[in-house]
Amino acid sequence: MPIYQVALPLPKRQLFDYLHEQQNLHPGCRVRVPFGPRELIGVVMSTTQNSPFMSKLKPISQVIDEQPIIDSTMLSLCNWLAGYYHHPIGEVLHTVMPVALRKGESDKPKPIETLRLTQTEPDVIPEVLGRAKKQRELYAELLNHAQTLSVVKQKYTDGVIKGLLEKNLATIELVEDTRIDADFQFNSNVIKPKPNVEQALAITAISQALNKYTCFLLEGITGSGKTEVYLQSIEEVLRNRKQVLILVPEIGLTPQTVKRFENRFGLEVGILHSNLTDNERLLVWQKSRAGKLSIIIGTRSSIFTPMVRPGMIIVDEEHDASYKQQDGLKYSARDLAVIRAKEHNIPLLLGSATPSLESLNNALTHKYQLLQLNQRAGNAVQAKQSVLDITNQPLQAGLAAGMLTRIEQHLKAGNQVMLFVNRRGFAPALLCHQCGHVEECKRCNKPFTVHKSLQKIQCHHCGAARALPKQCKECGHHELITQGVGTEQLSMFLQSQFPQYSAVRIDSDSVRGKAKLDNLLTEINAGAHQILIGTQILSKGHHFPNVTLVVILDADGALFSADFRASEHLAQLITQLSGRAGRAQKLGEMWLQTHQPGHPLLQDLINNGYGHFARFALSERKLASLPPFSFHALFRTESLQAQDGFEFLSHVSQMLQHPQIRIVGPIPAIMEKRQGKYRMQLLLQSHSRAILNQVIGHFSTDIEALPIARKVRWSIDIDPQDFI
DNA sequence: TCAAAACACACT
DNA sequence: GTGTGTTTTGAT
């Protein structure tokens with residue numbers, strides 16, 4: 001009897017062997033297997049003749065798929081993922097499958113229940129129905145053609161349907177779902193804008209590379225018409241009867257974006273986002289695999305959507321942090337897109353106004369082909385950026401007096417202003433005026449954030465909240481003061497300063513749920529609010545044509561951060577924010593409040609733009625041998641005892657000693673404690689990705705087998721994006 | 001002395 | 001990861 005090696009969803013870097021009579025179970029098929037006292041769903045990986053567990057081999061209890069649901073391309077991608085990210089193969093396969101398939105759902109669409117008449121005498125309504133008016137009505141409808149049960153149920157009650165069924169006049173029939181049949185139709189007759197010279201060059205370059213792997217980095221300033229380049233390139237792919245997979249950041253998937261694609265090509269666009277149910281997700285997966293969908297748009301995990309006739313992958317806003325998964329299999333969807341495009345031999349398009357230094361470096365070293373769009377479409381003008389020195393300046397709610405005047409000018413001119421603060425809530429800390437004691441979360445050892453409107457203090461790291469204290473815990477003093485400024489405070493202050501205008505907060509506190517954000521954005525663009533105060537959300541893809549003034553309250557934090565990527569992220573934020581303003585015909589300006597007006601990074605960014613800044617930042621990274629000029633792998637631990645994490649990482653550090661690997665740590669993570677767990681990390685850096693990968697790969701099973709490994713939660717992060 | 005909690009370990 | 005069997009802990 002053949003022995004099958006099965007990948008199971010466990011944090012173990014091994015396959016499990018099972019028996020099955022059938023000779024031809026293909027790799028990529030799901031099976032249900034007994035595992036200790038329970039049953040698991042795994043994926044067949046390979047066949048073998050003998051197993052070290054011969055005596056305790058159990059048989060597969062059920063074969064779920066006769067044909068592989070993970071095709072050979074996807075399977076090799078999974079093997080690549082397991083090797084590159086040093087992650088257990090079973091968990092990789094689990095990550096790659098839609099939830100419904102993990103649970104053992106069929107990969108074929110469910111047949112549709114259809115209501116059909118049993119006799120087919122035309123135009124005759126049987127006497128039996130007598131005066132049953134509704135039943136006669138339904139019968140008449142069914143005379144024309146059978147209808148799906150769900151459609152019928154919308155119009156008729158269950159009683160009516162039951163009536164026909166009981167009289168044996170109609171039956172419920174299971175009909176194969178044809179909604180996923182391949183579809184190549186698209187409308188190419190839509191009037192499309194004439195591309196400018198740069199756009200035309202980009203479109204031509206992409207169109208000439210449709211049948212082979214090429215990675216393009218489309219570096220296009222905001223408003224330069226990146227989307228039009230996407231659209232016209234997509235059209236070429238559709239013409240070849242191929243599919244396009246488009247990845248967008250988590251927040252960027254708005255109904256407008258989807259509409260734009262649907263209207264342009266007049267076809268159904270598959271959408272994958274976090275609010276879908278498991279079955280909706282599965283349907284998109286099925287439709288894409290069958291070739292019904294020619295365009296699929298989705299967030300990070302969409303990179304795993306199967307395609308029968310892959311034609312192109314697009315990653316929009318490729319610098320966005322949401323492409324990196326932060327837990328479990330810590331993959332980068334952008335990097336994975338490169339691997340997938342190579343595997344399919346199709347072009348990949350990475351687009352951004354503010355490309356990541358990694359991608360930019362690949363473009364400058366000609367691994368990627370750089371396409372630049374430097375002209376703004378129409379007569380839009382880039383917002384003018386300036387710094388405001390706030391050293392020794394009195395601040396009100398974090399704003400300098402000069403800035404208030406400027407805000408007033410813009411408001412009086414009938415325009416909108418937008419202010420950016422990196423903190424939600426009223427203030428990031430509450431301290432005692434008497435003894436200086438700061439109220440901290442016990443589980444995270446971080447100050448509580450004050451939420452005045454809720455009369456609460458809340459820890460933004462673990463979510464713990466309690467009532468706003470009235471007196472100091474240490475000395476009992478009653479005068480507690482807030483420290484720092486959050487969106488809530490700034491919004492309250494500006495509303496009191498300018499009562500005749502409407503101030504609105506845009507952060508995850510005030511806009512819970514996507515619909516609410518969309519409503520608010522509509523209100524803002526209709527002019528219902530004049531003062532917009534928000535966090536990161538403001539920088540992500542939404543356009544505010546009437547905003548003429550953008551203020552960043554505090555640009556200093558990132559300039560001296562422990563994270564070497566902080567300045568890159570600040571520059572991206574500043575550039576993205578300034579791209580949101582002054583789009584229409586209105587000239588915009590952006591002001592950065594800083595204590596470091598002369599800081600070379602700020603100056604370079606403001607005077608020469610992101611493109612110049614990024615190239616300068618790259619040269620600095622090179623000097624410091626930081627990524628992308630070296631490669632990082634980060635071991636992280638979480639444990640109840642700080643000592644356990646230290647001990648585990650010390651072992652790891654000893655095992656991985658290598659002349660070409662620099663090891664930093666074990667050191668406490670930047671967030672030393674979170675949710676009551678102590679967090680440590682060990683950073684590995686090498687000039688050779690191959691050596692780093694090889695050494696970790698060689699020892700990963702030994703590390704897993706360390707006795708201390710059981711006492712800690714540990715993980716490996718390859719190409720870590722942050723050191724939190 | 002017993003039961004809950006913490007720990008260890010196997011699972012093919 | 002999770003279910004189970006084993007050891008430790010602490011309150012009666």
Side-chain angles (χ1 to χ4, degrees), chain A residues 1-65 70 75 78-79 81-82 85-105 278 301 325-331 443 635-648 651 675-679 700-717:
Chain A
M1 212 188 279
I3 298 166
Y4 290 99
Q5 301 188 298
V6 178
L8 296 176
L10 304 167
K12 292 246 152 234
R13 275 149 240 270
Q14 54 179 276
L15 298 173
F16 290 81
D17 301 343
Y18 287 90
L19 297 165
H20 191 65
E21 297 161 357
Q22 231 171 302
Q23 290 289 341
N24 56 343
L25 272 191
H26 301 291
C29 288
R30 286 171 302 160
V31 288
R32 204 182 289 275
V33 293
F35 190 76
R38 62 214 161 109
E39 287 214 312
L40 293 175
I41 291 168
V43 176
V44 173
M45 297 302 284
S46 50
T47 322
T48 114
Q49 289 309 311
N50 46 1
S51 160
F53 301 91
M54 228 24 146
S55 55
K56 27 177 165 168
L57 291 190
K58 294 181 185 174
I60 287 169
S61 46
Q62 187 202 348
V63 175
I64 300 174
D65 308 303
I70 315 266
L75 217 49
C78 288
N79 282 317
L81 278 165
Y85 290 106
H86 303 285
H87 201 81
I89 182 71
E91 288 193 344
V92 170
L93 283 154
H94 216 235
T95 311
V96 157
M97 282 192 276
V99 179
L101 294 181
R102 294 178 204 167
K103 292 181 181 161
E105 252 338 282
D278 293 349
S301 62
Q325 173 118 335
Q326 294 292 346
D327 46 57
L329 173 60
K330 298 179 177 58
Y331 66 94
R443 280 156 38 101
F635 281 79
R636 300 175 206 267
T637 60
E638 273 186 10
S639 54
L640 288 164
Q641 246 84 56
Q643 185 58 32
D644 290 342
F646 183 83
E647 202 180 308
F648 171 78
H651 274 102
Q675 309 212 348
K677 302 249 176 67
Y678 290 91
R679 310 166 80 235
S700 59
T701 39
D702 294 347
I703 292 169
E704 193 179 280
L706 283 174
I708 187 77
R710 300 171 172 283
K711 290 195 175 176
V712 298
R713 286 190 65 141
W714 65 278
S715 64
I716 308 174
D717 191 349

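These numbers were taken from a predicted model, which means no experiment stands behind them. Just so you know, these numbers use all the heavy atoms, side chains as well, and skip hydrogens, waters and symmetry mates. Residue numbers begin at 1 in each chain, while the letters A, B, ... track the order of the sequences.
In this structure, CH2 of Trp714(A) is placed 14 Å from C1' of dG1(C), rounded to the nearest angstrom. As rounded to whole Å, 11 Å separates atom P of dA10(B) from atom CZ of Phe53(A). To the nearest angstrom, C1' of dT12(B) lies 7 Å from CZ of Phe35(A). Taking atom CD of residue Glu704(A) and atom P of nucleotide dC9(B), one finds them 15 Å apart after rounding to whole Å. Atom CD1 in Ile89(A) sits roughly 18 Å away from atom P in dG1(C) (whole-Å rounding). Atom P of nucleotide dT12(B) and atom CE of Met54(A) are separated by 15 Å, given to the nearest angstrom. Between Leu57(A) atom CG and dC11(B) atom C1' the separation is 13 Å, expressed in whole Å. The distance from atom CD of Glu39(A) to atom P of dT2(C) is 16 Å, rounded to the nearest whole Å.
If you check the side chains of Lys711(A) and Ser639(A), you find no donor sitting under 3.5 Å from an acceptor.
For the side-chain hydrogen bond (donor to acceptor under 3.5 Å, both in side chains) condition, the pairs that include at least one residue of residues 47-57 of chain A, sequence neighbours left out, are Asp17(A)-Ser51(A).
Regarding contacts with the backbone of dT12(B), a side-chain N or O of Lys58(A) is found under 4.0 angstrom from either OP1 or OP2. In this structure, Lys711(A) does not reach the dC7(B) phosphate: none of its side-chain N or O atoms is under 4.0 Å from OP1 or OP2.
Side-chain contact between Leu25(A) and Val31(A): present, with at least one pair of heavy atoms (C-beta onward) separated by less than 4.5 Å.
Within a heavy-atom distance below 4.0 Å of DNA chain C, the residues of residues 2-28 of chain A found are Leu10(A), Pro11(A), Lys12(A).
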Any chance you could lay out the salt bridge (charged side-chain N to carboxylate O under 4.0 Å, His left out) test for Arg30(A) and Asp65(A), step after step, and finish with the verdict? CA-CA 6 Å; Arg30(A) 286 171 302 160; Asp65(A) 308 303; 2.8 Å; yes
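Ring geometry for Phe35(A) against Phe16(A) counts as perpendicular: the plane angle is over 60°, on a 0 to 90° scale with 30° as the lower cut.
Between the Arg13(A) side chain and the His86(A) main chain, a donor and an acceptor come within less than 3.5 Å of each other.
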